[in-house]
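Just so we're clear, the structure is a prediction, and the values are computed from it rather than from any experiment.
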Amino acid sequence: MDEVVKIINDIKAGMIKPIYFLMGEEAYYIDKLTEYIENNILTEDERGFNQMVLYGRDTSIDEIVSNAKRYPMMADRQVIIVREAQDLVRTIDQLESYAEHPQPTTVLVMAYKYKTLDKRKKLVKTLTKNGLVFESKKLYENQVGAWIQRVLKGRGYGIDHKAMAMLVEFLGNDLGKISNELDKLQIILPKGHTITSNDIELNIGFSKDFNNFELRKAIGERNQLRAYRIAENFAQNPKDNPIIVTTAMVFSYFSQLLQYHGLKDKSSANVSKVLSINSFFVKDYELAAKNFPMKKVSAIVATLRDIDVKSKGVGANALPISDLLKEMLFKIFN
């Protein structure tokens with residue numbers, strides 16, 4: 001994120017705020033900024049007396065403010081980091097009086113994860129005026145692929161589209177989990193390497209051949225043999241391939257295909273924007289649209305709703321997963 005880069009560059013340039021209030025649903029950037037401040041504001045020698053880490057569940061606003069008002073020892077600044085500050089949600093407004101007159105020689109970092117402050121409140125306005133408020137928002141899944149590419153490029157690696165799709169399918173938009181897996185690959189693979197689906201399967205454990213991404217691709221191509229083979233593998237490994245997830249992803253695919261049929265402008269750029277997909281995959285939707293006319297897609301969407309209900313045990317308690325998957329594919333292809 002450009003905002004994260006700017007915050008780090010400002011710190012490097014000596015433009016350091018007395019308060020950093022880091023909040024939002026995406027913990028990854030909050031952790032990264034906290035870690036950067038923890039490791040870079042003070043020297044190693046200064047940290048012993050001038051750096052403190054508190055936890056929201058074990059502290060109070062009064063204790064935080066009391067420590068923040070202290071003067072540093074043999075250093076220009078002290079750093080106080082409050083991890084899991086969201087645990088102070090009930091009393092966080094009490095920080096307002098300190099935020100109005102923060103200690104200039106203190107850097108207070110509030111890591112307020114998974115939540116956000118009400119921006120209409122005076123506290124946010126005061127923090128913004130005298131410090132810095134950063135909101136870390138969750139990326140949409142269609143944005144995660146570009147994020148993966150950008151991160152790997154910065155580390156000197158590439159990634160092919162199938163490998164990227166596998167990571168997004170199995171890990172969703174949890175940037176922390178994705179980053180951890182990329183760290184593992186970075187240890188194993190040489191710099192300059194382009195990560196492939198084989199690399200993902202061998203080193204992370206996600207099957208490159210039997211996953212929801214490949215199932216959707218097989219369906220779109222009307223490759224019935226391939227689709228049934230994947231479904232059979234899913235039925236044999238239900239814990240790794242929950243039918244509720246499979247049904248949801250196939251439903252999402254046909255919902256997007258329904259949108260595609262309704263578009264007047266079917267240019268790659270517009271399809272990518274409206275369907276929230278990487279432009280690389282537009283050709284897959286073009287092929288699927290030829291294989292499944294709009295009327296058929298509408299019928300499939302209705303069928304998938306029924307399969308979803310059955311997969312949750314409503315009116316189909318005795319049906320095994322294999323039968324539900326076969327029923328789904330039979331109704332899609334016929």
Side-chain angles (χ1 to χ4, degrees), residues 25-29 31 114 137-153 155 157-189 193-221 223 226-256 275-281 284-285 288 304 307-308 311-312 321-322 324-325 328-329:
E25 293 182 10
E26 179 51 70
Y28 176 80
Y29 285 115
D31 288 339
Y114 316 116
K137 297 179 180 178
K138 278 279 187 187
L139 294 183
Y140 295 111
E141 285 201 5
N142 66 298
Q143 299 174 311
V144 177
W147 181 86
I148 292 171
Q149 288 179 313
R150 187 166 62 249
V151 169
L152 286 173
K153 185 178 180 181
R155 298 180 183 184
Y157 291 83
I159 187 168
D160 69 25
H161 289 284
K162 184 173 178 180
M164 183 177 67
M166 286 173 66
L167 286 173
V168 176
E169 181 195 336
F170 285 99
L171 300 174
N173 60 350
D174 189 322
L175 302 188
K177 287 183 180 178
I178 294 173
S179 181
N180 288 338
E181 298 302 338
L182 295 181
D183 289 342
K184 294 176 189 175
L185 291 171
Q186 189 175 344
I187 293 170
I188 297 164
L189 303 172
H193 181 81
T194 296
I195 296 167
T196 66
S197 56
N198 284 330
D199 295 324
I200 301 294
E201 183 173 49
L202 290 171
N203 299 298
I204 298 180
F206 305 149
S207 172
K208 66 181 176 62
D209 296 318
F210 300 106
N211 56 66
N212 287 307
F213 172 75
E214 288 298 316
L215 177 63
R216 295 197 312 179
K217 192 171 187 294
I219 290 171
E221 295 171 351
N223 188 336
R226 177 83 182 121
Y228 276 103
R229 281 179 177 171
I230 294 171
E232 184 180 350
N233 178 274
F234 284 7
Q236 293 172 356
N237 302 279
K239 288 185 179 180
D240 294 332
N241 305 281
I243 189 170
I244 292 175
V245 175
T246 297
T247 306
M249 293 196 72
V250 176
F251 179 85
S252 173
Y253 177 66
F254 277 101
S255 296
Q256 289 174 314
L275 269 60
S276 298
I277 59 172
N278 189 295
S279 58
F280 178 82
F281 299 111
D284 294 337
Y285 285 81
L304 288 168
I307 297 292
D308 179 57
S311 73
K312 293 170 181 173
I321 291 174
S322 59
L324 286 172
L325 289 169
M328 179 181 74
L329 293 178

Can you name the closest pair of heavy atoms from [X] and [Y] and give their distance?
{"X": "Val144", "Y": "Gly172", "answer": "CG1-O, 4.0 Å"}
{"X": "Ala231", "Y": "Leu329", "answer": "CB-CD1, 3.7 Å"}
{"X": "Ile307", "Y": "Leu324", "answer": "CD1-O, 4.1 Å"}

Who pairs with [X] by salt bridge (Lys or Arg N to Asp or Glu O under 4.0 Å), at least two apart in sequence or on another chain?
{"X": "Glu169", "value": "none"}
{"X": "Lys217", "value": "Glu221"}
{"X": "Asp199", "value": "none"}

Among all residues two or more places apart in sequence or in another chain, which pass the side-chain contact (heavy atoms from CB on, under 4.5 Å) test with [X]?
{"X": "Ala165", "value": "Phe213, Phe281"}
{"X": "Asn142", "value": "Tyr140, Ser276"}
{"X": "Asp174", "value": "Lys177"}
{"X": "Lys138", "value": "Glu25, Glu26, Asn173"}

task: Evaluate the side-chain contact (heavy atoms from CB on, under 4.5 Å) criterion for residues Tyr285 and Ile277: first the C-alpha distance (whole Å), next the side-chain angles of each, then the deciding distance (0.1 Å), finally the verdict.
output: CA-CA 10 Å; Tyr285 285 81; Ile277 59 172; 3.6 Å; yes
query: Any cation-pi pair here, Arg226 with Phe210, using under 6.0 Å and within 45°?
result: yes
Going by side chain to side chain donor-acceptor pair (under 3.5 Å), name the residues that satisfy it together with [X], two or more places apart in sequence or in a different chain.
{"X": "Ser197", "value": "none"}
{"X": "Tyr228", "value": "none"}
{"X": "His161", "value": "none"}
{"X": "Gln186", "value": "Arg155"}

- prompt: Measuring from Phe234:CZ to Leu325:CG, what's the distance to the nearest 0.5 Å?
  reply: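 If we round to the nearest 0.5 Å, Phe234:CZ and Leu325:CG are 8.0 Å apart.
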Inter- and intrachain pairs under side-chain hydrogen bond (donor to acceptor under 3.5 Å, both in side chains), touching residues 241-252, at least two apart: Asn212-Thr246
query: Under 4.0 Å between a Lys/Arg side-chain N and an Asp/Glu carboxylate O for Glu214 and Lys208?
result: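 Answer for the salt bridge query: no.
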Check ion pair Glu232-Arg229 (N to O, under 4.0 angstrom):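 No salt bridge links Glu232 with Arg229.
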- request: Verify, without hydrogens or angle tests, whether Tyr157 (side chain) and Leu185 (backbone) share a donor-acceptor contact under 3.5 angstrom.
  value: no
Derivation and outcome, side-chain contact (heavy atoms from CB on, under 4.5 Å), residues Leu215 and Met249: CA-CA 10 Å; Leu215 177 63; Met249 293 196 72; over 6 Å; no
message: Quick check: do Ile243 and Met328 have side-chain heavy atoms less than 4.5 Å from each other?
response: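 A side-chain contact under 4.5 Å is absent here.
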